[in-house]
Amino acid sequence: MKMKLIGLAVVTLLTPLASANEASWLELDQDISTLAATSSVGSSGASISGFIQSSYKSDSENDKGEWDFSGVRINVKSNVEDIALKISFDLKSGSLSLKDAFARWDATESMSVTWGKFKRPFLHSFLTSANKRLFVGSTANAANDARAHGVMLNGDLSDMGTWQVAATNGEDPATDDMHYTARVAFDLVGEGGFNAFEGARGDAAGTNLSLGVSYAEENAPDLEHHKVGIELAGNVDAISFHLDMVMYSDDSSAPLDKTFSVEEVTGPPLEAAKGGLADTSPLGLTLAYMLADDMEIAVRHEDFDDDFDTTRLTVGFNYYAIAPNSVVWQLNYSDSSSDFEEFETELIQIGLLASF
């Protein structure tokens with residue numbers, strides 16, 4: 001697979017760059033698609049966007065409470081002739097952290113190339129921009145994805161769907177072993193269910209359904225593992241649904257879960273409580289309903305498939321003060337249940353999301 005991906009990338013880069021075609025811009029940070037529609041060829045001007053997501057979090061289970069940022073994002077986009085550029089930073093930690101930095105162009109009428117640092121194309125819930133998600137936090141499966149530096153090819157499957165493949169730096173930068181990702185998405189019913197927004201916002205009327213299948217493989221020494229992802233998303237009128245499941249290989253080198261993990265735990269059976277993802281199949285199911293044009297309710301159940309029967313239930317209410325997501329008030333309640341006490345949480349979040 002390694003030689004095929006490298007060969008594909010080389011052949012693509014030798015193809016003359018074509019003019020920007022909005023139809024070939026796919027799911028990676030979907031908001032970048034507007035750049036092709038609004039920027040003129042040859043323009044050197046830049047557009048700036050971003051968002052602030054701030055919330056108060058109260059964890060009654062562990063007697064904790066604090067104000068915190070989920071994101072303070074700045075995006076800069078521009079066109080240089082037929083090449084679209086994006087650079088984004090996050091400042092929630094108080095210092096500048098690079099998120100994305102890539103160039104994208106059309107190699108053919110049905111295939112584009114992305115070169116730089118970007119989101120690995122695995123789950124749609126991760127590819128969705130953070131300020132367009134349904135809850136204050138992402139799904140656990142999305143939280144375990146990552147950005148990386150490399151090359152990605154995007155293309156269309158006629159009228160059936162889209163495909164994406166990427167070769168990026170692996171987890172060990174000292175080696176030349178890479179991380180490979182591939183994803184296909186199909187619209188099965190109607191206009192499909194993989195939209196720019198999580199939840200019921202933007203869903204087409206009637207019944208719509210999409211299926212996504214993805215594969216990722218890490219090849220760094222002592223870190224080798226792979227995973228398979230399956231997603232179903234769609235809606236029936238104002239009711240929206242999304243299901244994702246990730247199946248991890250049984251390699252002991254599989255990474256730790258970023259939602260529930262304990263850094264310093266020794267001795268059986270607590271060693272397993274570190275939150276390793278090896279030989280697990282975490283699953284999440286989200287349902288959302290638009291109460292009115294400016295109000296939405298949602299519920300999400302997640303099963304972490306670990307040795308401690310850890311689950312999380314999240315209920316949310318969104319008020320879109322300035323639609324569709326310029327100003328959003330969010331109220332979330334989540335309850336995490338586990339046989340391991342360290343994973344038990346009861347969290348209330350009141351958040352404000354403001355985008356520009």
Side-chain angles (χ1 to χ4, degrees), residues 27 29-31 33-34 49-58 68-71 73 123-143 185 187 189-210 212 231-244 259 283-303 311-336 346-356:
E27 290 176 339
D29 279 345
Q30 295 178 15
D31 57 334
S33 64
T34 58
S49 63
F51 64 88
I52 297 173
Q53 189 174 31
S54 173
S55 63
Y56 178 77
K57 303 178 182 181
S58 174
D68 197 9
F69 285 112
S70 298
R73 192 68 52 85
L123 292 178
H124 175 76
S125 52
F126 175 64
L127 298 174
T128 302
S129 298
N131 65 327
K132 297 178 181 179
R133 291 175 180 161
L134 188 57
F135 295 95
V136 175
S138 68
T139 65
N141 280 332
D187 292 337
V189 179
E191 298 183 17
F194 291 136
N195 300 313
F197 296 100
E198 279 190 347
R201 289 177 293 167
D203 285 339
T207 301
N208 304 280
L209 179 66
S210 287
E231 286 183 286
L232 279 172
N235 71 291
V236 178
D237 293 323
I239 301 175
S240 173
F241 57 88
H242 179 271
L243 181 146
D244 64 22
T259 302
L283 179 146
L285 174 62
T286 303
L287 297 175
Y289 177 71
M290 294 296 296
L291 294 171
D293 291 341
D294 57 356
M295 289 185 288
E296 184 173 16
I297 57 172
V299 60
R300 173 179 290 158
H301 174 76
E302 296 172 280
D303 186 335
T311 61
R312 180 170 64 177
L313 178 68
T314 305
V315 179
F317 170 80
N318 289 348
Y319 171 60
Y320 303 107
I322 303 179
N325 72 312
S326 294
V327 177
V328 184
W329 287 100
Q330 298 176 293
L331 175 61
N332 291 179
Y333 168 80
S334 66
D335 180 44
S336 301
E346 188 176 5
L347 188 66
I348 297 176
Q349 295 173 284
I350 302 173
L352 174 63
L353 171 64
S355 303
F356 62 92

Taking all heavy atoms of [X] and all of [Y], pick out the closest pair and write down the distance.
{"X": "L353", "Y": "N131", "result": "CD2-O, 3.3 Å"}
{"X": "S125", "Y": "A142", "result": "OG-CB, 3.7 Å"}
{"X": "S210", "Y": "D187", "result": "OG-OD1, 2.8 Å"}
{"X": "R201", "Y": "N325", "result": "NH1-CB, 3.3 Å"}
{"X": "L134", "Y": "Y320", "result": "CD1-OH, 4.3 Å"}
{"X": "F51", "Y": "F356", "result": "N-CE2, 3.7 Å"}

Does the side chain of [Y] come within less than 4.5 Å of [X]'s, by heavy atoms?
{"X": "V327", "Y": "L352", "value": "yes"}
{"X": "T259", "Y": "E302", "value": "no"}
{"X": "L209", "Y": "F241", "value": "yes"}
{"X": "W329", "Y": "N318", "value": "no"}

Tell me whether the count of non-hydrogen atoms from other residues, nucleotides or ligands lying under 6.0 Å of CZ in F69 goes above 12.
no

Hey, could you give me the [atom1]/[atom2] distance between [X] and [Y], rounded to the nearest 0.5 Å?
{"X": "L123", "Y": "N141", "atom1": "CG", "atom2": "CG", "answer": "6.0 Å"}
{"X": "R312", "Y": "S334", "atom1": "CZ", "atom2": "OG", "answer": "6.0 Å"}
{"X": "D68", "Y": "S54", "atom1": "CG", "atom2": "OG", "answer": "8.0 Å"}
{"X": "N195", "Y": "T128", "atom1": "CG", "atom2": "OG1", "answer": "9.0 Å"}
{"X": "H301", "Y": "L285", "atom1": "NE2", "atom2": "CG", "answer": "8.0 Å"}

Any donor and acceptor pair, going by atom type alone, linking the side chain of [X] with main-chain N or O of [Y] inside 3.5 Å?
{"X": "D237", "Y": "G206", "answer": "yes"}
{"X": "N208", "Y": "E191", "answer": "yes"}
{"X": "D294", "Y": "A323", "answer": "no"}
{"X": "E296", "Y": "A200", "answer": "yes"}
{"X": "S55", "Y": "G351", "answer": "no"}
{"X": "N332", "Y": "V136", "answer": "yes"}
{"X": "E231", "Y": "H124", "answer": "yes"}

Side-chain donor-acceptor pair present, T314, R300, cut-off under 3.5 Å: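 R300 and T314 do not have a side-chain donor-acceptor pair below 3.5 Å.
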
Just one of D293, L291, I297 clears the side chain to side chain contact (heavy atoms under 4.5 Å, CB included) bar with M295, so which one?
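Testing each of D293, L291, I297 against M295, the sole residue satisfying side chain to side chain contact (heavy atoms under 4.5 Å, CB included) is L291.
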
TODO: Report the C-alpha distance between T286 and F135 in whole Å, list the side-chain angles of each, state the deciding distance to 0.1 Å, and finish with yes or no for side chain to side chain contact (heavy atoms under 4.5 Å, CB included).
DONE: CA-CA 10 Å; T286 303; F135 295 95; 4.1 Å; yes

Across all chains, not counting sequence neighbours, the side-chain hydrogen bond (donor to acceptor under 3.5 Å, both in side chains) partners of Q53 are Q330

